[in-house]
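Notes for the one structure printed next.
All chains are named by letter (A, B, ...) in the order of the sequence lines, taking the proteins before the strands, and each is independently numbered beginning at 1. Excluded from the calculations below are hydrogen atoms, water molecules and symmetry mates; all remaining heavy atoms, backbone and side chain alike, are included. Treat the numbers as computed from the prediction; the structure is a model and nothing was measured.
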4 protein chains.
Amino acid sequence: MAVTNKENGAETRTAGNGRAALRKAETRARIKAAARAVFAEKGYEKANVSDIVRAIGMAQGTFYYHFQDKKSILMEMLNEYFDQFRAVMSDWMQSEDAAPDVTYIFARRVAVLLYENKDLTHIIMQEAHNADEDVRRLIHGFNRFFYEQVRSGLDLGVALGLVRPMDTRLAAVALVGMIREVVANRTRSGEDIDIEHLIRELAELQNHGIRLRPGAGNNF
Amino acid sequence: MAVTNKENGAETRTAGNGRAALRKAETRARIKAAARAVFAEKGYEKANVSDIVRAIGMAQGTFYYHFQDKKSILMEMLNEYFDQFRAVMSDWMQSEDAAPDVTYIFARRVAVLLYENKDLTHIIMQEAHNADEDVRRLIHGFNRFFYEQVRSGLDLGVALGLVRPMDTRLAAVALVGMIREVVANRTRSGEDIDIEHLIRELAELQNHGIRLRPGAGNNF
Amino acid sequence: MAVTNKENGAETRTAGNGRAALRKAETRARIKAAARAVFAEKGYEKANVSDIVRAIGMAQGTFYYHFQDKKSILMEMLNEYFDQFRAVMSDWMQSEDAAPDVTYIFARRVAVLLYENKDLTHIIMQEAHNADEDVRRLIHGFNRFFYEQVRSGLDLGVALGLVRPMDTRLAAVALVGMIREVVANRTRSGEDIDIEHLIRELAELQNHGIRLRPGAGNNF
Amino acid sequence: MAVTNKENGAETRTAGNGRAALRKAETRARIKAAARAVFAEKGYEKANVSDIVRAIGMAQGTFYYHFQDKKSILMEMLNEYFDQFRAVMSDWMQSEDAAPDVTYIFARRVAVLLYENKDLTHIIMQEAHNADEDVRRLIHGFNRFFYEQVRSGLDLGVALGLVRPMDTRLAAVALVGMIREVVANRTRSGEDIDIEHLIRELAELQNHGIRLRPGAGNNF
DNA sequence: TATGAATGAGTATTCATTCAT
DNA sequence: CATGAATGAATACTCATTCAT
């Protein structure tokens, strides 16, 4: 019965094959992990399928047993990450938290998310201009979503009198860029980073900018 | 026997043949311009030499008469841009301008520079992770320089009491990211942009962040 | 430990397991039927083992439990058909039927045989030039037999004064080609055909050609 | 200027490059000739591009400089042959020759055409079921044309009282099959053939069938 | 200087086949 | 008997680069 399940990683299998299905899912996962690392390091175009499978000692055919083609593993990888990202974001939005340190909490959450998925953060930045229409669309869609989330957070802040009136659409892009560049820059080298420090500094920048405010304590 | 000038873009050494040398320089320039556009659109890896020459109705061999290889045109392109960038920056640094609106002026200058060279801005963002060591090094060197410039500006501001004390190294990266993401985002679509508005908003963000400052006018 | 029976289609040697053996034979037959259809439709080269097993909801490994390899199923299929064909032919030859309508009866029998096995007729026509030596030899052997049968029929006819003297070897090939092309052409579309009409026309053609015979009725 | 001319073999070149263009055309022709032989021998699917270029000591890339892909060389080859075939046929039809030996002349012309292009005759018979829609359509279109030509010849014969009334559509297919099978059979071995004898026999068969006609001389 | 035909190493992908379960 | 995951050799096609003219 079992049809090809190249399209998705879900258990499309008929029941009773727990052992095999598990093995298969594991193989898929291993390939995906290897691909993530290779894509992040060499870029999608330069990365060879042979690089990916060699990294885990597998035959090239195995890759194609599990994935339709090179593009589909990238798409799947991105889609999963985006779903996870969206989930975290909407969790936060639902909480409608308007505590004074809301922006700090937000910056922290985003920075951690980007940081913990540095490989994907790099891939997204690299492949934003990918020649393939589908890939580009996917990433642009994600970016749009990201910007919109931040923007609606800012809009809320404005409504609550916490944020000054501004072009929130533009500001959202700028804030995302701030975090991205920092994460990309700090993870490029591979050295470990004091993420708490990083987040505190970013939040302060984002909240108050660089200017010395006469008579301002260290508040965020 | 005339010396090949594939290596660098300098004026051809064979003096006295002004006509020919000029022609040649023009051809080089045309190729370089075409390459810039193609690289920006498709990315360096996906861009073919044939794409470049087709864009200007030239034979493929001609490309190799003027440039060593595909990589060297990218390197040369980047190097030239970086030189220009450095010149503008050091001009500005020399002026040691410490007027209160110094940051606005700075942001403006940088944004304009990035915006006027959006193709190169895109290329640099894409190729930051380029598989080729030389290319990567070149871009990272540029980035380091860029960050350092901003950082020393911030340090100066701190010394002058205009900027609050902070991790200026980190802040520099963040500020660069802000501008880059905005420029990349706003030029992606190709629609024209109100750059003055963009700069004003960016400067305000950078100076004062997003928080509502009690009793603050629109000052920058 | 049971002996593999991949080599030939004979009844399994492990006696006493009638149930299992039957099951197995059935599976073999199902695979063979599926293969016949797939080969006819896509051609042997383009047909994949996966196409065959998918058509009957079977795992790919099962194919290789029953058949040595892709080639062997083709060979077996052809051999069986050829045996059946030979049986029908020699039946007919034995009867030494020399009735005046002998050629009509013959044409009918052959046409029906080709028509009822149109899949195999197509496969044989396609694979006559198959790259594989064994396959080619098998088909050529069959063709030779086919031609020879027809030829000896013609020779008999000549001896009996029913058929005019001619190059019977050449004529045999021509007559076979006539039937084949018609069957191939008429079954290509899948539409049902008036086989009686087809046979009558073919027999007439074969007997009397296209020329108007002065004062000839519709005789065959 | 010169755009890629992979699509057709015509001189798409700008003027003044007679030497190079000639060379190119020759290379194209050599590749096409090699491809014809290889396709005829191994069949289109089994034939490798590497087989083709190896046969003439060329690099594989050269093939792709001259032809879009493997399929396009087959299509081009067939199209050219079909055009030539159509030209010969319509020449003949125009002459409206109604001499008593018209059918003989016709059979001769067709047989010679098929025989002189035995490679293509084989390819057409093999690839009639090719998996590729375009190829199949092309060949079926040719076959339809071929049948139609013969059929209209027969219809004319009927009108002139030279041919007996019959299902001319069916008869056309049968006559084509007769010639094809004979040509295919006689060229398979590679031995040279007495084509005059072959044609005479075929014409006789086609005109009068196999039956002994009481009181008939050797007339055609 | 410029051309474009020719090159060949490199890459994604397919598919018959094997084998552990 | 049956399964389906894994294999790896084979192949069409691409593209940076060379070179004779």
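With distances taken from any side-chain atom of B:Tyr64 to the nucleotides F:dT18, E:dT3, E:dT14, the minimum falls on F:dT18. Comparing E:dA2, E:dA6, F:dT3 against the side chain of D:His66 picks out E:dA6 as the nearest. In this structure, the nucleotide among F:dA16, F:dT7, E:dA6 sitting nearest to the side chain of A:Met58 is F:dT7. Each of F:dA6, E:dA6, E:dT17 was ranked by its minimum atom distance to the side chain of D:Thr62; first place goes to E:dA6.
In this structure, C:Lys70 satisfies the cation-pi test against C:Tyr44, with its NZ or CZ atom closer than 6.0 Å to the six-membered ring centre and inside 45 degrees of the ring normal.
In this structure, CG of B:Asp132 is placed 14 Å from C1' of F:dA16, rounded to the nearest angstrom. Taking atom NZ on B:Lys42 and atom C1' on F:dT14, their separation rounds to 12 Å, with Å as the unit. Distance CD (C:Glu45) to P (E:dA16): 10 Å, rounded to an integer number of Å. In this structure, D:Phe63 atom CZ and F:dT14 atom P are separated by 11 Å, rounded to whole Å. Across the protein-nucleic acid pair, D:Ile73 atom CD1 and F:dA12 atom P stand 12 Å apart, rounded to whole Å. Distance A:Phe67 CZ to E:dT13 C1': 15 Å, rounded to the nearest Å. When rounded to the nearest whole Å, the span between NZ of C:Lys24 and P of F:dC1 equals 5 Å. With rounding to whole Å, A:Ile52 atom CD1 is found 13 Å from E:dT11 atom P.
A side chain to side chain contact (heavy atoms under 4.5 Å, CB included) with A:Asn130 holds for exactly one of A:Ile139, A:Val135, A:Leu138; it is A:Val135.
Salt bridge annotation for A:Glu80-A:Arg36: absent, with no cationic side-chain nitrogen under 4.0 angstrom from a carboxylate oxygen. A salt bridge does not link A:Glu26 to A:Arg23: none of the charged nitrogens lies less than 4.0 Å from a carboxylate oxygen.
Residue C:Asn48 places no side-chain N or O under 4.0 Å from the OP1 or OP2 atom of E:dT14. Considering only side-chain N and O atoms, B:Ser50 lies nowhere under 4.0 angstrom from the phosphate OP1 or OP2 of F:dA16.
The 5' end of DNA chain F is approached more closely, in terms of each residue's nearest nucleotide, by A:Gln60 than by the other of A:Gln60 and D:Lys70. Of the two residues contacting DNA chain F, namely A:Gly61 and B:Asp69, the nearest-nucleotide position lying further toward the 5' end is that of A:Gly61. Nearer to the 5' terminus of DNA chain E, by closest-nucleotide assignment, is the contact made by D:Arg23 (compared with the other of A:Ala47 and D:Arg23).
B:Asp132 places a side-chain N or O within 3.5 Å of a backbone atom of B:Asp134 that can act as its donor or acceptor partner.
In a base pair of the Watson-Crick type (N1 to N3 plus N6-O4 or O6-N4) or a G-U wobble (N1-O2 and O6-N3), with each distance short of 3.5 Å, F:dT21 is matched with E:dA2.
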